[in-house]
A.B. asks: 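Take a look at the following structure, please.
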2 protein chains.
Amino acid sequence: MPSDTIRAALVRRLRISSGISEEDVREIEALPIAVRQYPAETPVVRDGERATECCLIVEGFCARSKTIASGKRQILSLHIPGEIPDLMSLFLHVMDHELSTLTACTLGFISHDTLRRLHQRRPVVAEMFWRDTLIDAAMFREWIVNVGQRPAPARLAHVMIELRERLRVIGRVDDENFEMPLTQEQIGEALGITAVHANRVIKQLRQDGIVEFQRGRVTVLDEARFLELADFDGRYLHQSPTL
Amino acid sequence: MPSDTIRAALVRRLRISSGISEEDVREIEALPIAVRQYPAETPVVRDGERATECCLIVEGFCARSKTIASGKRQILSLHIPGEIPDLMSLFLHVMDHELSTLTACTLGFISHDTLRRLHQRRPVVAEMFWRDTLIDAAMFREWIVNVGQRPAPARLAHVMIELRERLRVIGRVDDENFEMPLTQEQIGEALGITAVHANRVIKQLRQDGIVEFQRGRVTVLDEARFLELADFDGRYLHQSPTL
DNA sequence: CGCGGGTTCCAACAAAAGTTAAGGACGCCG
DNA sequence: CGGCGTCCTTAACTTTTGTTGGAACCCGCG
């Protein structure tokens, strides 16, 4: 796989969220990245593990999650190409959660040493990555609100719209139709509800003519009601670096 | 108020979570900080506001929260002396949530410019603060799990133990007895339940002889059952920098 | 000292979500 | 092509949580 394909989504995303310079782009293009293939539903970095590299998603979908003593799992975030979901491991060496693939993925690994040297050489890039982890935290905050305060149908709509807006940045939304490759079990784990209830909620959104969801793909039927239901305000994604 | 009192809790906390050097301590002691008093239940930084300074809690308790369209509020985190809850505003200028006091507070304000100059001068301090925002994110992740997966009594126990462990670092736990100055309304907002239900849960913990909670103070009655109920694993607080 | 506002506490009922169980669709692989 | 496993779907029932409304309590303040 050519180097620019590996880094394309990352650079595209950084341009939008951090206003990266051409010089910095060249630095990122020069980064040594070890590319590996992962099958669907596979752990990439485990909870409790000590990480020595960071993971760039080149292709495919990933999720971060935590499992509690009772065995129940909570999905914390969804991740798409161009993202580095475990950038935090650079400073928080032992993982407090798990990173795993949802679909088959192409992942690129960058060693902590390499990243630390890059930070020393280019403090601006370090700040850019810092900003990235702060946006990560902002997304967690919104996820708390979603799970804590919104009724289940609104939770689902909100997660869907967040995903759509992020996919849009990397050019992956066609006509309000986008990928969301989760099983109903996983949707339940993301929303803090059971799979049975997730099914009820999906059924209701379909019956109300708001969205269709099948085979990992979302089709919006009534954009206005979808937006209203989700109570979505995208400010937390901080997609404009100038603000 | 003498300068060392203002910075005491901050330095104490950084020593434990980041292994700060004496030289860095001196830099922090030299930071210009504007101290102001705030009454209880007062917004400090509002959602949507553009911040130009960061807020150090010198004395008192604060909380961060988001309010959704329906008017319901979700508390995202609790904050104690020595913490800088809005450090993220350094790079994410417009606030995506609110910071407000719970009790009467003494707050110290440090301008973004000052902090940015400090980062340039001492990259190690920048990394320390970065690490701090990453721990912040780790706490949000655990908060998601709490609100998403645990039954209400376990949620309450978990928030209580998290608070206790953090208070312990700054030397504010006496004999398993510690401050938690929230009304039942606020506890509900933190746990994603109503105030009525929060009351039920508190009543049950009291009846079961696990913890007592009155007038903003928690007294643990049965530590073993308290821990088991909370399903608490403090790794996410990342209190040991060496790991 | 009594008044008033904000808590705390509680009961009765309603709604949302969890549990259990089972049938059906779909795709993969032998 | 048939069997198997995963996922989806639904129903019936239980449990948890929300809602409403009201009483008791506490505390600061006039």
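Here is the naming used below: chain letters follow the sequence lines, and residue numbers restart at 1 for every chain. Values below: every heavy atom of this structure, side chains too, minus hydrogens, waters and symmetry copies.
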A.B. asks: Quick one: label B/G192 by what it contacts on the DNA or RNA (base, sugar-phosphate, nothing), any heavy atom closer than 4.0 Å.
C.D. replies: sugar-phosphate
A.B. asks: Is the shortest side-chain heavy-atom distance between A/R164 and A/F226 below 4.5 Å?
C.D. replies: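 Heavy-atom side-chain distance check passes, below 4.5 Å.
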A.B. asks: I'd like to know if B/R235 and B/E142 make a salt bridge, using a cut-off of under 4.0 Å between side-chain N and carboxylate O.
C.D. replies: no
A.B. asks: Check whether any side-chain N or O of A/Q74 sits under 3.5 Å from a backbone N or O of A/E189 as a donor-acceptor pair, and report yes or no.
C.D. replies: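 It does hold such a pair.
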A.B. asks: Considering only heavy atoms of chain A and a distance under 4.0 Å, specify the first and last nucleotide of DNA chain C in 5' to 3' order that meet this criterion.
C.D. replies: C/dA17 to C/dT20
A.B. asks: Rounding to an integer number of Å, can you tell me how far B/R150 CZ sits from D/dT17 P?
C.D. replies: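 These atoms are roughly 14 Å apart.
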A.B. asks: For DNA chain C, determine which residues of residues 196-210 of chain A have any heavy atom closer than 4.0 angstrom to one of its atoms, and list them numerically.
C.D. replies: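 Hits under 4.0 Å, by residue number: A/V196, A/H197, A/R200.
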A.B. asks: Flag the pair B/F61 / B/I80 as yes when at least one side-chain heavy-atom distance between them is below 4.5 Å, and no otherwise.
C.D. replies: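 When only atoms from C-beta onward are counted, B/I80 and B/F61 do touch, with a gap below 4.5 Å.
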A.B. asks: So with a 6.0 Å cut-off around CD of A/E223, is the heavy-atom count from everything else above 12?
C.D. replies: yes
A.B. asks: I need the CD-C1' distance between B/E185 and D/dG18, as an integer number of Å.
C.D. replies: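 For the pair B/E185 CD and D/dG18 C1', the rounded distance is 13 Å.
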A.B. asks: So B/E162 and B/Y236, do their side chains get closer than 4.5 Å, heavy atoms only?
C.D. replies: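 Yes; the side chains approach each other to less than 4.5 Å.
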A.B. asks: Could you tell me if the side chain of B/T67 sits less than 4.5 Å from the side chain of B/R73, heavy atoms only?
C.D. replies: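 Of all side-chain heavy-atom pairs linking B/T67 with B/R73, at least one is under 4.5 Å.
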A.B. asks: Nearest whole angstrom, please: distance from the C1' of D/dT17 to the NZ of B/K72.
C.D. replies: 11 Å
A.B. asks: So what is the end-to-end bend of the helix from C/dC1-D/dG30 to C/dG30-D/dC1, with 5 pairs used at each end and the value given to 10 degrees?
C.D. replies: 30°
A.B. asks: Answer yes or no: are there more than 12 heavy-atom neighbours, outside A/R206 itself, under 6.0 Å from its atom CZ?
C.D. replies: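 Enclosed.
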A.B. asks: With sugar-phosphate meaning primed atoms plus P, OP1 and OP2, does A/T183 contact a base, only sugar-phosphate, or nothing at under 4.0 Å between heavy atoms?
C.D. replies: sugar-phosphate
A.B. asks: Give a yes-or-no answer on whether the side chains of B/R155 and B/H158 include a donor-acceptor pair shorter than 3.5 Å.
C.D. replies: no
A.B. asks: If I take atom CD in residue A/Q186 and atom P in nucleotide D/dC7, what distance separates them, rounded to the nearest angstrom?
C.D. replies: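 Rounded to the whole Å, the gap is 8 Å.
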A.B. asks: Should the pair B/D96-A/R141 be classified as a salt bridge under the 4.0 Å nitrogen-to-oxygen rule?
C.D. replies: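 Result for this pair is yes, salt bridge flagged.
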A.B. asks: Let me know the distance between CE of A/M180 and P of D/dC7, rounded to the nearest Å.
C.D. replies: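 Whole-Å distance recorded here is 15 Å.
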A.B. asks: I'd like to know if the side chain of A/D175 and the backbone of A/N177 have a donor-acceptor N/O pair within less than 3.5 Å.
C.D. replies: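 Between the backbone of A/N177 and the side chain of A/D175 there is no qualifying donor-acceptor contact (under 3.5 Å).
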A.B. asks: Which part of the nucleic acid, if any, lies within reach of A/A195 when heavy atoms closer than 4.0 Å are counted: base, sugar-phosphate only, or nothing?
C.D. replies: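 Contact class for A/A195: none.
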